[in-house]
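We use all heavy atoms of the structure for the numbers below, so side chains are in, but hydrogens, waters and symmetry mates are not.
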Amino acid sequence: MDQGNNSRMTQFVLHSLSRPRELQLFYFAFFTLFYSFIMLGNLLIVLTVLSEPTLHTPMYFLLINLSFIDVCLSTFATPKMIVDFLMDHKTISFEGCMAQIFFHHVFAAGEMTLLVAMAYDRYVAICQPLHYAAIMSVRKCTGLVVGSWLIGVLHSVSQLVFTVNLPFCGPNQVDSFFCDLPLVIQLACTDTYIIQILTLLDSDLIAMSSFVLLLISYTLILVTVRRRSSVGMAKARATLTAHVTVVTLFFGPCIFIYAWPFSNFPIDKFLSIFYTVFTPLLNPLIYTLRNKEVISAMQKLRRRQVSS
């Protein structure tokens with residue numbers, strides 16, 4: 001701890017998933033393998049879409065951006081967690097902790113708003129198919145992606161402003177595998193009630209507004225799908241099922257954790273791992289296994305690689 005008037009914590013101690021050494025080694029192997037699959041799965045989607053001209057459409061443009069943000073979401077904390085499984089003392093510097101908070105909220109908020117953009121794309125495609133090409137132009141798609149990143153950055157900066165200048169003088173135990181904002185705020189050596197409320201309102205605003213927009217979009221899509229029964233609508237149902245599954249898997253754990261943001265439950269740690277580690281792998285599986293166009297493009301890519 002630095003001495004003087006600006007005394008503050010120089011590092012935090014992160015709690016891993018389990019204390020026994022044998023389980024730590026098992027987790028190291030398990031999450032290393034899982035993280036490798038996340039990287040390979042999402043990068044394969046990006047490579048497939050970029051290499052196949054028939055997939056150069058707004059839906060797949062948004063999909064490869066989702067894959068990219070999933071890679072980022074799983075990378076801000078997972079490699080650190082994997083390395084910590086081999087360490088007796090699992091610590092992180094104050095600067096590293098603030099960086100984790102910043103990137104966590106950038107990528108999580110960015111993914112929320114990008115999922116809204118994908119829902120809007122499906123709404124236009126299914127409910128206004130004749131105007132789809134005009135509405136979902138390259139400029140509009142680029143704007144949606146850039147907008148999702150800007151919202152993520154602005155949200156994250158607003159969260160960090162509340163935290164970075166707080167006085168941290170001990171204790172320094174964070175009961176998670178990364179610096180989760182509500183847990184870190186509780187360690188400040190001052191009354192943080194107002195700051196807790198402000199950070200909660202900020203997070204709830206972006207999460208609930210995104211969730212409401214998703215509900216509206218998918219409700220309109222479901223009403224349209226139920227009125228029609230054609231091959232195109234069967235494809236729309238399959239795509240819609242994939243989108244709803246991804247939204248449920250991502251928002252479900254987030255809503256549970258932030259419903260009681262300043263109360264730490266044992267299941268919170270598992271849910272944090274779920275949406276930062278498991279969901280980024282499930283997304284490419286859900287979108288590819290139910291999508292014949294992507295599977296066909298992957299087969300073409302594989303044949304080209306074999307023939308070359």
Start with the C-alpha distance between Phe274 and Leu282, add both sets of side-chain angles, then the distance that settles side-chain contact (heavy atoms from CB on, under 4.5 Å), and finish with yes or no.
CA-CA 10 Å; Phe274 188 86; Leu282 294 175; 4.1 Å; yes
Give the intermediate values and the outcome of side-chain contact (heavy atoms from CB on, under 4.5 Å) for residues Met81 and Lys90.
CA-CA 9 Å; Met81 177 184 68; Lys90 311 175 196 311; over 6 Å; no
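You'll find the side chain of Leu14 reaches within 4.5 Å of the side chain of Cys179, heavy atoms only. Two residues are said to be in side-chain contact when any heavy atoms from C-beta on lie closer than 4.5 Å; Gln100 and Asp180 fail this criterion. Cys141 has its side chain within reach of Met136: a pair of non-hydrogen atoms, C-beta onward, lies under 4.5 Å apart. Residues Ile38 and Asp70 fail the side-chain proximity criterion, which asks for heavy atoms closer than 4.5 Å. Under the 4.5 Å side-chain criterion, counting only non-hydrogen atoms from C-beta, Phe211 is not in contact with Met112. Considering only heavy atoms from C-beta on, Ile82 comes within 4.5 Å of Thr78 through its side chain. Between Leu43 and Ser67, every side-chain heavy-atom pair lies at or beyond the 4.5 Å cut-off. In this structure, the side chains of Leu150 and Val146 come closer than 4.5 Å at one or more pairs of heavy atoms.
If you chain together hydrophobic residues whose side chains sit under 4.5 Å apart, Ile197 and Leu205 never meet in one group. Both Val124 and Leu222 sit in one connected hydrophobic cluster of ILVMFWY residues. Membership requires side-chain heavy atoms under 4.5 Å apart, directly or through other members. When hydrophobic clusters are built by joining Ile, Leu, Val, Met, Phe, Trp and Tyr residues whose side-chain heavy atoms come closer than 4.5 Å, directly or via intermediates, Val83 is not grouped with Val277. Note on Tyr27 and Val174: same hydrophobic cluster, where clusters join Ile, Leu, Val, Met, Phe, Trp and Tyr whose side-chain heavy atoms are under 4.5 Å apart, directly or indirectly. Follow the hydrophobic side-chain contacts under 4.5 Å out from Leu181 and you never reach Ile151; the two are in separate clusters.
The aromatic rings of Phe31 and Phe85 sit parallel to each other, their planes meeting at less than 30°, with 60° as the upper class boundary. Between Phe178 and Phe76, the two ring planes are perpendicular [angle over 60°; tilted spans 30° to 60°].
Annotation for Leu115 and Phe251: closest pair CD1-CE1, 4.0 Å, computed over non-hydrogen atoms. Heavy atoms only, all atoms of each residue included: Gln159 and Thr199 are closest at NE2-O, 3.3 Å. Minimum interatomic distance between Leu73 and Ala108 (heavy atoms only, all atoms of both residues): CD1-N, 4.0 Å. Residue Met118 comes nearest to Leu63 through the heavy atom pair CE-CA, 4.2 Å, listed as atom of the first residue, atom of the second, then distance. Shortest non-hydrogen contact noted between Leu301 and Ser51 is CD1-OG, 3.8 Å. Here the closest non-hydrogen pair linking Thr113 and Gly110 is OG1-O, 3.0 Å.
The closest donor-acceptor contact from the side chain of Asn65 to the backbone of Phe61 lies under 3.5 Å. The backbone N or O of Gly96 lies less than 3.5 Å from a partner atom in the side chain of Ser93, making a donor-acceptor pair. Side-chain atoms of Ser296 never come within 3.5 Å of backbone atoms of Lys292 as a donor-acceptor pair (strictly under, hydrogens ignored). Judged purely by atom type and a 3.5 angstrom limit, Asp84 has no side-chain atom pairing as donor or acceptor with the backbone of Phe177. In this structure a side-chain-to-backbone donor-acceptor pair under 3.5 Å is missing from Ser203 to Leu200. Not one N or O on the side chain of Asp202 forms a donor-acceptor pair closer than 3.5 Å with the backbone of Leu198. Judged purely by atom type and a 3.5 angstrom limit, Ser148 uses its side chain to pair as donor or acceptor with the backbone of Val145. Judged by distance alone, with hydrogens and angles left aside, the side-chain atoms of His105 form no donor-acceptor pair with the main-chain N or O of Gly152 at under 3.5 Å. Side-chain atoms of Thr279 do not come within 3.5 Å of backbone N or O of Thr276 as any donor-acceptor pair.
Ile69 CD1 to Leu114 CG: the interatomic distance, rounded to the nearest 0.5 Å, is 6.0 Å. Remark: Ile194 CD1 to Phe162 CZ distance equals 11.0 Å, nearest 0.5 Å. A distance of 4.0 Å separates OG1 of Thr163 from CD1 of Ile185, quoted to the nearest 0.5 Å. From Ile221, atom CD1 reaches atom OH of Tyr123 across 9.0 Å, with rounding to the nearest 0.5 Å. We find the CZ-CG distance between Phe37 and Leu44 to be 12.5 Å, quoted to the nearest 0.5 Å. Atom CE of residue Met98 and atom CZ of residue Phe168 lie 5.0 Å apart, to the nearest 0.5 angstrom.
Within the structure, side chain to side chain donor-acceptor pair (under 3.5 Å) pairs that include any residue of residues 211-220 comprise Tyr218-His243 (at least two apart or interchain). Pairs passing the side chain to side chain donor-acceptor pair (under 3.5 Å) check and including a residue from residues 28-37, sequence neighbours excluded, read Tyr35-Thr75.
Side-chain atoms of Thr54 and Glu293 form no donor-acceptor pair, as typed in the model, at a separation below 3.5 Å.
Within a 6.0 Å sphere centred on CZ of Phe68, heavy atoms belonging to other residues, nucleotides or ligands number 12 at most. Shown here is Phe30, whose CZ atom has more than 12 heavy atoms of other residues, nucleotides or ligands within 6.0 Å.
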